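Everything on this sheet refers to the single structure shown next.
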Amino acid sequence: MEQYIRQALLEAAPSLFGTAISDSLIQFQLTRRDMEGDLTLVVFPFVKILRCSPQEAGEKLKNWIEQNIAGVSHCIVVNGFLNIVLQKSYWINALNQMQQNAQFGLQSPNSKPTIMVEYSSPNTNKPLHLGHLRNNFLGYSVAEILKANGHKVVRTQVINDRGIHICKSMLAWEKFSPLNENGERETPANTGLKGDKLVGKYYVAFDKALQAEAKTIMQNWQAGNFEDTPAAIQEAVLNFEQAKLGKDEKAQAAIDDKIKELAKNQTSILREAKDMLVKWEARDPQVYLLWTTMNGWVYAGFDQTYNKMGVSFDKLYYESDTFLLGKDQVMQGLASGVFYQKPDGSVWIDLSAEGLDEKLVLRSDGTAVYMTQDIGTAIDRFADYPDLHGMVYTVGNEQDYHFKVLFLILKKLGYTWADNCFHLSYGMVDLPSGKMKSREGTVVDADDLIDEVTLTAKEMTQERGHLEGLSEQERETLYAQIGLGGLKYYLLKVDPKKRMLFNPEESIDLTGNTGPFIQYAHARISTLLAKANYQVQPLASSLDLKAEEQEIIKHLAIFPVTLEEAAKNYSPAVIANYIYELVKLYNTFYQSVKIIIEPDQELRQLRLTLSAVVQQTIAHGLKLLGIEAPQRM
RNA sequence: GGUCCCGUAGCUCAGCUGGAUAGAGCAACUGCCUUCUAAGCAGUAGGUCUUUGGUUCGAAUCCAAACGGGAUCACCA
């Protein structure tokens, strides 16, 4: 309708205004809920052209629209706004079309270019935590949203399965794992621990040992004992100590950190880890065996967690497979002059012309860094999927700079698709106590959280009791759907870009703007329709509509635009807010009118139809968020 | 220090490319289940949209600065 009036106005402009007008002059918005009207045309832009008061301009537009636009009942001019009231039959017809289209609002599948969406991308040395949950739910949901907008989507992740951090947990396991009576070190099988948890335990053990050894070295340095310390390091330490004199506490602490870094680099345990990395890159059989074994444990653990989370992937990339390609690319780029080499052999790119810094792309010892690997992975993906148009990287905003650099490098290497790469940058998740810090043990474990939320859902669902007739199996499924639904909704309803607060108590709330609130509305409608034995039937356009009913149809009508907006902004929050609003409107309606027990059959059918379309739209919306829509609860 | 992000009710968040009297939820208080699931609904109260300038018919929204918070500037990932 908006488009229709816009077009008509543009065509009629010369006779109406005496001149052609630009499209941007015609600004529509939805009429405020507390005013009469459906669509509002902003009058101010026309005032200049018509050289008259807003009131006069409004009157002129009012008369023209009332006489020339079919479907318009009448218009009201108020405060420089022209509120257009559509005929009731317009909304009945809209509802009729919605009920006949089970895919209402969705674009036809695979009608748009292929997009790859990357999310999760964990390290294989620690279990998934709350931050990963936001990441995974976001990525999964954005993939669903792009699909619903007609894109072909490939879900993927890159698994950071190599590098110094992986060697750390491997080494710690070899060094510190106790032997059992069979002479075996700890494994998931003989401890019953989940694989990712077991490996994470040794990653922590490594850090602890590293800290201890570094502390001893620093104490030696304090005491003036520089035995075993290279002269260059000794000099650096002494210089730092010198620099501390006369500085305030904060500056001194910063310098102490730098000294600590130096000490860590002098530890034997870190040297061993580095040696292991070199051996790994040389494919030392023993190191490789250990690596595949321990990674296998982690993957089994991750799979369990992904399963519980309800996320999945179409294709996996392993850093260990792509980093060599990355190195090749760097060498080629070096030859073509995109990169340059320093005397020590390290390879860099100079982005100072773009307002960025110089960035390392290959270490002096020839080993790959994160950037090397990311270059390789990106190129690999476009080679694997010839019709791939673009990529979405779901990665936290602490890596904004990294991705700016990555996309620039890819472009400089000559890959035009670099322009279609997008960093879906999301904010950190804070706890009421502040930031999550692994060292302080405040990290919220993903498995624990999911279990907790499911348990709470169970308790609360049993309290309300709408469970009669459900099997034990069905009940358990329902608890998980509600618990996880609440958690997902809680994490997705906030604009991804924004840093958010995670309050454990609120995340499992059932009332207000929550997942269960929306699921409940869905379940309530489902049982209602079943009881009423609802069948799709065209509605007579002569039916009258109550305000509550019309509000719902109006909101349903913007679902397609909302879905597009969510895709454009890569924002599940847009969908979450939309369905929340829809449910509130529906609940008001539900509470104020009779539906099944309405004696007038035409009215009853209208209200059932409205309920059915709302139910379908809630279900679609929840699916876009990766949330289940229970039939009853 | 350079660069980037953020600042809306006590708390958590909406507020589309500038538009009417800035909205929800939670927490507090009042009502509503012999009628379709009360995980609901209706209502009360709660605001200098951090501050100051600028742009204009009009600014929470755009621009600049200040203040406050965060991220990042590694041969870490």
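Since the model is a prediction, treat every value here as computed from it, not as a measurement. Protein chains get the first letters and strands the later ones, always in sequence-line order, with residue 1 at the start of each.
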Interatomic distance, A:Y490 OH vs B:rC26 P [rounded to whole Å]: 14 Å
Nearest-neighbour nucleotide for the A:Q591 side chain, B:rC4, B:rU12, B:rG40 considered: B:rG40
Whole angstrom value for the distance that separates C1' of B:rC76 from CG of A:N125: 12 Å
Beyond-backbone contact of A:Y489 with A:N513, side-chain heavy atoms, under 4.5 angstrom: yes
Contact list for RNA chain B against residues 370-378 of chain A - heavy-atom distance below 4.0 Å: A:Y370
Any side-chain heavy-atom pair of A:Q55 and A:E59 under 4.5 Å: yes
Distance, C1' atom - from B:rC67 to B:rA28, rounded to whole angstrom: 33 Å
Where the chi angle of B:rC16 falls, syn if within 90° of 0 and anti if not: anti
Any A:F137 side-chain heavy atom under 4.5 Å of A:L625 side chain: no
Donor + acceptor pair across side chains of A:Y340, A:E358 (<3.5 Å): yes
Pair listing, side-chain hydrogen bond (donor to acceptor under 3.5 Å, both in side chains) test, anchored in residues 564-585 of chain A, at least two apart: A:R33-A:E581
Between P of B:rA24 and OH of A:Y586, the distance in whole Å: 22 Å
A:T377-A:Q373 side chain donor-acceptor pair, cut-off 3.5 Å: yes
Interatomic distance where CG belongs to A:N123 and P belongs to B:rC76 [whole Å]: 14 Å
Minimum side-chain heavy-atom gap A:L406-A:I375 below 4.5 Å: yes
Partners passing side-chain contact (heavy atoms from CB on, under 4.5 Å) against A:S320 (at least two apart in sequence or in another chain): A:D161, A:R162, A:W280, A:W291, A:Y318
Phosphate OP1/OP2 of B:rA24: any A:R33 side-chain N/O under 4.0 Å: no
Sugar-phosphate only, base, or nothing, as touched by A:Q399 at under 4.0 Å among non-hydrogen atoms: base
Sugar-phosphate, base or nothing in reach of A:V347, heavy atoms under 4.0 Å: nothing
Nucleotide nearest A:N160 (side chain, heavy atoms from C-beta), chosen from B:rC36, B:rA77, B:rC41: B:rA77
Nearest-Å distance once atom P is located in both B:rU48 and B:rU8: 12 Å
Any A:R363 side-chain nitrogen or oxygen under 4.0 Å from OP1 or OP2 of B:rA74: no
Partners passing side-chain contact (heavy atoms from CB on, under 4.5 Å) against A:E548 (at least two apart in sequence or in another chain): A:K546, A:T588, A:F589, A:S592
Interface with RNA chain B, restricted to residues 521-532 of chain A and to heavy atoms under 4.0 Å: A:A523, A:R524, A:T527, A:L528, A:K531
Sugar-phosphate only, base, or nothing, as touched by A:K497 at under 4.0 Å among non-hydrogen atoms: nothing
NZ/NE/NH1/NH2 to OD/OE distance under 4.0 Å, A:K258 and A:E261: no
Sugar-phosphate only, base, or nothing, as touched by A:Y590 at under 4.0 Å among non-hydrogen atoms: base
Heavy-atom closest pair, residues A:C75 and A:K62: O-NZ, 2.8 Å
A:I597 side chain, from C-beta outward: closest of B:rU35, B:rA77, B:rU12: B:rU35
Distance-only polar pair, side chains of A:D374 and A:H402, donor-acceptor under 3.5 Å: yes
Table of protein N/O atoms under 3.5 Å from nucleotides 13-22 of chain B N/O atoms:
unit_1 : atom_1 : unit_2 : atom_2 : d
B:rC13 : OP1    : A:L501 : N      : 2.8
B:rA14 : OP1    : A:D495 : N      : 2.7
B:rA14 : OP2    : A:K498 : NZ     : 3.1
B:rG19 : N7     : A:Q27  : OE1    : 3.2
B:rA20 : N6     : A:T40  : OG1    : 3.0
B:rA20 : N6     : A:N83  : OD1    : 3.2
B:rA20 : N1     : A:N83  : OD1    : 3.3
B:rA20 : N1     : A:N83  : ND2    : 3.4

From B:rU72, B:rA77, B:rU35, nucleotide with atom closest to A:H402 side chain: B:rA77
Residue that, paired with A:K274, satisfies side chain to side chain contact (heavy atoms under 4.5 Å, CB included) out of A:D365, A:T367, A:N265: A:N265
Report, one pair per line, the protein and nucleotides 54-56 of chain B atoms (nitrogen or oxygen only) whose separation is under 3.5 Å.
none

Touch class at under 4.0 angstrom, heavy-atom based, for A:T562 against every strand present: nothing
Under the 3.5 Å Watson-Crick or G-U criterion, the dot-bracket string of RNA chain B, with | for inter-strand pairs: (((((((..((((.....[...)))).(((((.......))))).....(((((..]....))))))))))))....
Residue mapping more 5' on RNA chain B - nearest nucleotide basis, A:N587 or A:M428: A:N587
Side chain to side chain contact (heavy atoms under 4.5 Å, CB included) partner of A:M633, chosen from A:R524, A:Q519, A:H522: A:Q519
Residues which pass side-chain contact (heavy atoms from CB on, under 4.5 Å) with A:A521, listed by chain and number, not counting sequence neighbours: A:V583, A:N587, A:I618
Below 4.0 Å: OP1/OP2 of B:rC5 and any side-chain N or O of A:N397: no
Gap between atoms CZ and P, on A:F589 and B:rA42 respectively (whole Å): 14 Å
Listed partners of A:F44 passing side-chain contact (heavy atoms from CB on, under 4.5 Å), at least two apart: A:V42, A:P54, A:F81
Expected output: side-chain A:T31 to main-chain A:L39 donor-acceptor under 3.5 Å: yes
Whole-angstrom distance between B:rC11 and B:rC16, as gauged at atom C1': 26 Å
Rounded distance in Å - CG (A:N503) to P (B:rG25): 18 Å
N/O (side chain, A:T511) to phosphate O (OP1/OP2, B:rC26) under 4.0 Å: yes
Sugar-phosphate, base or nothing in reach of A:T588, heavy atoms under 4.0 Å: sugar-phosphate
Residue-phosphate contact under 4.0 Å: A:Y520 side-chain N/O, B:rA39 OP1/OP2: yes
Sugar-phosphate only, base, or nothing, as touched by A:H466 at under 4.0 Å among non-hydrogen atoms: base
Same-atom distance (C1') from B:rC62 to B:rC26, integer angstrom: 33 Å
Between B:rU21 and B:rA60 - P atom distance, rounded Å: 11 Å
All pairs passing salt bridge (charged side-chain N to carboxylate O under 4.0 Å, His left out) where residues 49-58 of chain A contributes a residue, at least two apart: none
Test ring pair (Phe, Tyr, Trp, His ring centres under 6.0 Å) applied to A:Y119 - qualifying residues, sequence neighbours left out: A:F313
